[in-house]
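Reading through the structure tokens given below for one structure.
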Amino acid sequence: MRKFHISEGAIMPVRATKESAGYDLCVINPEVVTIKPGQTKVFDTGVSVEMNPDEVFMIYIRSSVGLKRNLILSNSVPIIDADFYPNEFKLAVTNVGEYAQIIDVNERIAQGIFMKYLVTDDDNATGVRDGGIGSTNKEEAEVV
């Protein structure tokens, strides 16, 4: 099973065309947000994703956002594991350019792609996730 779940006020991820690999992801922000050069802001998406145990949801900045506006995802390519569900994922966006950038209300800034993955034949992982972002070291990022 592969399915998005959204909270109230969130926008359902969609593919723009039938040949698109990625599902466009919008941020949830009640007002316009400015990201100054060198600054990072964390945005809610209001999205959680349910998927098969051998899949991962990989998130990339939209090419126009990276190329034209010098914005990147702070952790490069966020990996959303199947056991992250039902937690909603967030997007940490960093301005690596010389000028302040504006993020409009509910702007599409990233895209997510489902991928299958492999494990080694001798893999014996038994751990169980017990939280969302930062649950390993119990640190939470400041959210816009």
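Numbering starts at 1 and runs along the sequence shown. Computed over heavy atoms, backbone and side chain alike; hydrogens, waters and symmetry mates excluded. Remember, predicted model here, so these are calculated numbers, not experimental data.
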Is there a side-chain contact (heavy atoms from CB on, under 4.5 Å) between Val33 and Val27? Walk through the geometry before answering. CA-CA 11 Å; Val33 173; Val27 295; over 6 Å; no
Under the side-chain contact (heavy atoms from CB on, under 4.5 Å) rule, what do Ile61 and Ile72 come out as? Steps first, then yes or no, please. CA-CA 6 Å; Ile61 198 78; Ile72 63 169; 5.8 Å; no
So do the side chains of Val56 and Asp81 get within less than 4.5 Å of each other, counting heavy atoms only? yes
What are the two closest non-hydrogen atoms of Ala10 and Ile6, and how far apart are they? O-CD1, 3.6 Å
Minimum heavy-atom distance between Gly97 and Pro37, given as atom pair plus value: O-CB, 3.3 Å
Distance (rounded to the nearest 0.5 Å) between Asn95 CG and Asn70 CG: 7.0 Å
Decide whether Met115 and Tyr117 are clustered together by the hydrophobic rule: side chain heavy atoms of Ile, Leu, Val, Met, Phe, Trp, Tyr closer than 4.5 Å, transitively. yes
For Lys116, what residues pass the side chain to side chain contact (heavy atoms under 4.5 Å, CB included) criterion, not counting sequence neighbours? Asp54, Glu55
Exactly one of Asp123, Asn124, Asp122 clears side chain to side chain donor-acceptor pair (under 3.5 Å) with Thr120, and that residue is Asp122
NZ/Lys90 to CD1/Ile28 distance, rounded to the nearest 0.5 angstrom? 9.0 Å
Please answer whether the main-chain N or O of Ile102 pairs with a side-chain N or O of Arg69 as donor and acceptor at a distance below 3.5 Å. yes
Might you work through the side-chain contact (heavy atoms from CB on, under 4.5 Å) test for Met51 and Ile80, ending with a clear yes or no? CA-CA 10 Å; Met51 62 190 119; Ile80 309 301; 4.2 Å; yes
Looking at every heavy atom in both Gly112 and Leu25, which two are closest together, and how far apart are they? N-CD1, 3.9 Å
Quick one: does Ile109's side chain get under 4.5 Å of Leu71's, heavy atoms only? no
Spacing of OG belonging to Ser74 relative to NZ belonging to Lys41, to within rounding of 0.5 Å: 12.0 Å
Close side-chain approach of Val47 and Cys26, heavy atoms under 4.5 Å: no
For Met12, I'd like to know if atom CE has over 12 heavy atoms of other residues, nucleotides or ligands within 6.0 Å. yes
Distance col, row Tyr23:OH vs Arg2:CZ, nearest 0.5 angstrom, shows 7.5 Å
With distance as the sole test, does Asp44 use its side chain to make a donor-acceptor pair with the main-chain N or O of Gly46 at under 3.5 Å? no
Evaluate the side-chain proximity of Val93 to Val65: yes if any heavy-atom separation is below 4.5 Å, no if none is. no
Ring center gap for Phe57 and Phe84 short of 6.0 angstrom: no
Starting at OG1 of Thr40, measure out to CG of Leu73 and round the result to the nearest 0.5 Å. 10.5 Å
Is the side chain of Thr45 donor-acceptor paired with the backbone N or O of Phe89 at a distance under 3.5 Å, no angle test? yes
With the side chain counted from C-beta on, respond yes when Ile35 and Phe43 share a heavy-atom pair under 4.5 Å apart, and no when they do not. yes
Would you say that Tyr60 contacts Val77 through its side chain, given a criterion of any heavy-atom pair below 4.5 Å between the two side chains? yes
Are Ile59 and Phe4 connected, step by step, through hydrophobic side chains (Ile, Leu, Val, Met, Phe, Trp, Tyr) whose heavy atoms are closer than 4.5 Å? yes
So which pairs with a foot in residues 18-28 pass salt bridge (Lys or Arg N to Asp or Glu O under 4.0 Å), sequence neighbours left out? Asp24-Arg62, Asp24-Arg108
side-chain contact (heavy atoms from CB on, under 4.5 Å) evaluation trace for Met58 with Ile79: CA-CA 5 Å; Met58 300 173 74; Ile79 301 294; 3.7 Å; yes
Qualifying residues under salt bridge (Lys or Arg N to Asp or Glu O under 4.0 Å), relative to Asp104, sequence neighbours excluded: none
Taking the side chain as C-beta and beyond, is there a heavy-atom pair between Ser7 and Glu88 under 4.5 Å? yes
